[in-house]
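For the numbers below, each heavy atom of this structure counts, side chains included, while hydrogens, waters and symmetry mates do not. Sequence positions, counted from 1, serve as the residue numbers for this chain.
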Amino acid sequence: MDHLNGVRRVLDKLRINRHREAAWVYKKLNTDQQDVRVLLVKASEDRSKPVCGTLRHISLINQQLPGYETISYVWGDPKLRGRIYVDGCELEVPASTERVLRRFRLPQQDRLLWIDAVCINQQDFLERAQQVQLMAEIYSRTTHGLIWLGEDEGFAAAAKDSILAVYENARQETDGFENFMSMLIDEVLRLYRYAEKRGNLAFDHEPLLKYLGLPWFSRLWCMQEACLPPRCTCWCGNIEMDLLHVVRAAAWLDYKQLTLPFLNHENMDGIQYAFILWTYSDRSRGPHGTSSPFPPPTLYALMAEFRSFETAEPRDHVYGVLGLYQKLGRVQRLSQELLPDYRRPLDAVFRDVTALWIREWNSLEVLRYIYGTPRGMHGMDRTLDLPSWVPAWHRKWNDAKDPLRFILSFDAAGQRPVRLYDDGNANLSVLNVSGLVIGRIAAHTTTFEWGFFRRADNVLTFIKQCEEMMGEADSRVDVTDAHAHSLASRLAMTLFAGGDLYGQVMERGKAADHIVAFRDFIFSTGEVPPDLRGLAPDASRQTLMAAHSYEMLLRACINRHFFVTQDGRPGLGPRTLKDGDIVTVLYGSQWPVILRSNGGEDTYKFIRLAYVDGVMFGEAVRAHETAGKDDQLFRLV
């Protein structure tokens, strides 16, 4: 009762009118001056007292700004509401906002903060769009980023000990982090490396995985909120930790993952989220730091990188990375298609940013980011009317249905850029491209799923089926230069989709040797090879090859079909392919493309990318040009 009377006295003293609407709190911002609001939170030693503060306007065009701190946190359930008191008015905010302001309120002095739910009028869509354009400046000009991970559920102290242990191991093995980035990333091939030896790394992994599994690490908006400030501190309850320690430890665990038996596909998400955060937030040792040899990230690289992150508003899979794009990409002005507008239809936002990507980069690389079932088939979000060539950028990779992406080292189009044609049709949902047909799918296997490959007899039956399909196809066609390689090497290259575990192209002889070692292991043991993470340190070379083969086979074949074309080419394609689909090389695509006729002349739906042995390095394009054949127009809808 005394507590309630105390609260009433505070409210009476402030003369709060509970019935004034939130709109009365927000005075119009001067957009020409790039105005933003900051919240001066009044000090209080009594943490039970309501949060009270004052909103101020500051102009980002000024060189000198008052020192403010930004807060990054998870909004949580929007239905749960709390109240704070701003300029004498009661303001309803998400309950999480009220809790985090109460947590970061100081006992002895007022604190100047920027927090999105209060400093932006969330009911004003025009203001929201305008303020989103200023996020890069808001976060990069703060003095300090405060990251609230949530209350401690009893593991934060142990997690901190584990993170610092991993951080120290990384420091010791990389000469005080001097060699950190070069150990994790091949600077020539621009591929991530993976350690083959565990080294002296010991820690309690369970609390660490719980810590990195907290919802904050998977939220899209939190990424730029953590990457742009000059420094950030994480709080989990009362446990405080430098963000740099957290993300470097995660990056080191990602590098060591194949040597740590407790890590697997099911518990790596938190590490990988934090690893991505490291790549953009570590300014001295990260790939996008001040001394990095890598070019600035493109908008499309950021959209692809952060696609698996969570956001309540699907449009934020575009708008939510603009701040990082502007700062890290050193972009002064956004294209008209990129200006945030939350009133635009979602499918138009996704379509226009994809078309801009294709035009700006003369490339169809964007096709590799299309997941799920093509439009018009079962399983796709029916609320969207996306063309088949446009990724649903809010859709996450589903390991139960989606295959892993093919490696980047291929060049099926032979470095020919995309060729777009204007047919006078004003329909923005049609993409006119050109290329050539290399065959039609004559036969395919069933879809390979995770459970299928757990049994050794299934794997042997599958390989034999693929061999029989290739042999039957070879018997129907003349052996040409495209088929000059042995059946064994063509099969091996196809089953591995041409790549090893490290994203590099395999040699044909090496691929064939790995398949032999893989089959020999199954014949001799009656079991599939062990997981690489569970291999004994003294495992034989043949066992190591078999384990590598098994991992490569899984990565290439899961959620795909093996197929052969009518002229005998073997390939791997999506679970949605059908006999009769055409296999093409489209200019601007590094990978062959499977299309399906849509009924109209030259009108097709994009099905998915494929691996097709013998055409992955421009062979079909060069033969097409040598023969003097005309290109074909494909209208993708």
Side-chain angles (χ1 to χ4, degrees), residues 34 36 60 70-74 114 116 120 128-142 144-147 181 185 190 216-232 234 243-244 246-248 250-251 272-292 294-335 337-340 342 349-350 353-354 356-357 360-361 366 369 391 393-394 396:
Q34 295 186 1
V36 299
L60 294 178
T70 51
I71 295 179
S72 180
Y73 66 111
V74 175
W114 188 92
D116 51 4
I120 299 175
R128 278 176 56 189
Q130 184 268 335
Q131 291 287 286
V132 165
Q133 296 180 50
L134 301 177
M135 289 297 183
E137 289 297 305
I138 291 170
Y139 282 103
S140 61
R141 297 184 70 178
T142 182
H144 182 208
L146 301 169
I147 296 173
M181 186 170 65
I185 303 176
R190 298 182 183 175
W216 182 88
F217 287 97
S218 64
R219 295 305 190 268
L220 187 147
W221 273 110
C222 295
M223 294 303 99
Q224 73 170 1
E225 296 166 6
C227 293
L228 294 179
R231 64 186 183 93
C232 286
C234 298
L243 176 66
L244 187 63
V246 178
V247 297
R248 282 188 180 174
Q272 290 173 345
Y273 284 132
F275 172 74
I276 293 172
L277 179 54
W278 166 73
T279 64
Y280 295 101
S281 64
D282 190 343
R283 299 190 178 187
S284 60
R285 304 297 179 202
H288 298 293
T290 53
S291 59
S292 170
F294 299 110
T298 65
L299 171 65
Y300 313 110
L302 291 168
M303 287 170 55
E305 191 95 84
F306 292 121
R307 184 174 181 179
S308 62
F309 287 70
E310 302 283 348
T311 179
E313 166 55 72
R315 294 167 185 81
D316 285 336
H317 282 278
V318 178
Y319 301 153
V321 299
L322 292 178
L324 276 176
Y325 170 56
Q326 288 176 277
K327 275 298 175 184
L328 299 182
R330 298 186 283 276
V331 174
Q332 299 297 320
R333 195 184 198 108
L334 293 174
S335 302
E337 296 95 327
L338 300 179
L339 294 179
Y342 288 93
V349 173
F350 288 168
V353 74
T354 302
L356 182 65
W357 178 337
E360 285 191 348
W361 291 92
V366 67
Y369 298 109
W393 289 105
H394 66 317
K396 295 169 180 56

**Message:** Rounded at 0.5 Å granularity, tell me how far CG in Leu228 sits from CE in Met223.
**Reply:** 11.5 Å
**Complete:** In terms of heavy-atom contacts, Phe275 and Ala251 come closest through CD1-CA, 3.4 Å
**Asked** Is there a side-chain contact between Val321 and Gln224 (heavy atoms, below 4.5 Å)?
**Response** no
**Request:** Please say which of Gln34, Lys327, Gln326 ends up in a side-chain hydrogen bond (donor to acceptor under 3.5 Å, both in side chains) with Glu137.
**Result:** Lys327
**Complete:** Sequence neighbours excluded, the answer for ring pair (Phe, Tyr, Trp, His ring centres under 6.0 Å) partners of Phe306 is Tyr280, Phe309
**Request:** To the nearest 0.5 angstrom, please state how far the CG atom of Leu277 sits from the OG atom of Ser218.
**Result:** 12.0 Å
**Request:** Grab the two heavy atoms, one from Leu220 and one from His317, that are nearest each other, plus how far apart they are.
**Result:** CD1-ND1, 3.6 Å
**Complete:** For Trp216, the ring pair (Phe, Tyr, Trp, His ring centres under 6.0 Å) test, sequence neighbours excluded, returns none
**Prompt:** If only atom types and distance count, is the side chain of Ser335 paired as donor or acceptor with the main-chain N or O of Glu337 below 3.5 Å?
**Reply:** no
**Message:** How close do Ser140 and Pro230 get, counting heavy atoms only, and between which atoms?
**Reply:** O-CD, 4.2 Å
**Message:** Using side-chain heavy atoms (C-beta onward) and a distance below 4.5 Å, is Glu225 in contact with Thr70?
**Reply:** no
**Prompt:** Can the ring centroids of His394 and Phe350 be said to lie less than 6.0 angstrom from one another?
**Reply:** yes
**Asked** Heavy atoms, side chains only, cut-off 4.5 Å: are Thr142 and Trp114 in contact?
**Response** no
**Item:** Interatomic distance, Leu146 atom CG to Arg231 atom CZ [nearest 0.5 angstrom]
**Value:** 8.5 Å
**Message:** For a 4.5 angstrom cut-off between non-hydrogen side-chain atoms, does Gln272 reach Ser308?
**Reply:** no
**Message:** Hydrogens and angles aside, do Thr298 and Trp357 bring a side-chain donor and acceptor to less than 3.5 Å of each other?
**Reply:** no
**Message:** Could you check whether any side-chain heavy atom of Leu243 comes within less than 4.5 Å of a side-chain heavy atom of Cys234, counting everything from C-beta outward?
**Reply:** yes
**Request:** Answer whether the closest heavy-atom distance between the side chains of Tyr319 and Val349 falls below 4.5 Å.
**Result:** yes
**Request:** Rounded to the nearest 0.5 Å, what's the gap from CD on Gln130 to CG on Leu339? Could you check?
**Result:** 11.5 Å
**Prompt:** Where do Pro340 and Ala129 come nearest, in terms of heavy atoms and distance?
**Reply:** O-CB, 3.2 Å
**Request:** Let me see the working for Asp282 and Arg248 under side-chain contact (heavy atoms from CB on, under 4.5 Å), right down to the final yes or no.
**Result:** CA-CA 8 Å; Asp282 190 343; Arg248 282 188 180 174; 2.7 Å; yes
**Fill in**
When every non-hydrogen atom of Gly329 is compared with those of Pro296, the smallest separation belongs to CA-CB, 3.8 Å
**Prompt:** Say you draw a straight line from CG of Leu302 to CZ of Arg307; how long is it, rounded to the nearest 0.5 Å?
**Reply:** 14.5 Å
**Asked** Are Gln133 and Leu322 close enough, and set up right, to give a side-chain contact (heavy atoms from CB on, under 4.5 Å), and what steps lead you there?
**Response** CA-CA 7 Å; Gln133 296 180 50; Leu322 292 178; 5.9 Å; no
**Request:** Please lay out, stage by stage, how Met303 and Tyr325 fare under the test side-chain contact (heavy atoms from CB on, under 4.5 Å).
**Result:** CA-CA 10 Å; Met303 287 170 55; Tyr325 170 56; over 6 Å; no
**Asked** Do the non-hydrogen side-chain atoms of Tyr73 and Asp116 ever get within less than 4.5 Å of each other?
**Response** yes
**Request:** Kindly confirm or rule out a cation-pi arrangement of Arg128 over Tyr342, judged by NZ or CZ under 6.0 Å from the six-membered ring centre and within 45° of its axis?
**Result:** yes
**Message:** Contact between Glu310 and Val74 at the side-chain level, heavy atoms closer than 4.5 Å - yes or no?
**Reply:** no
**Request:** List the atom of Tyr300, the atom of Val353, and the distance in Å for their closest heavy-atom pair.
**Result:** CE2-O, 3.6 Å
**Prompt:** When rounded to the nearest 0.5 angstrom, what is the spacing between CG in Leu324 and CG in Leu299?
**Reply:** 10.5 Å
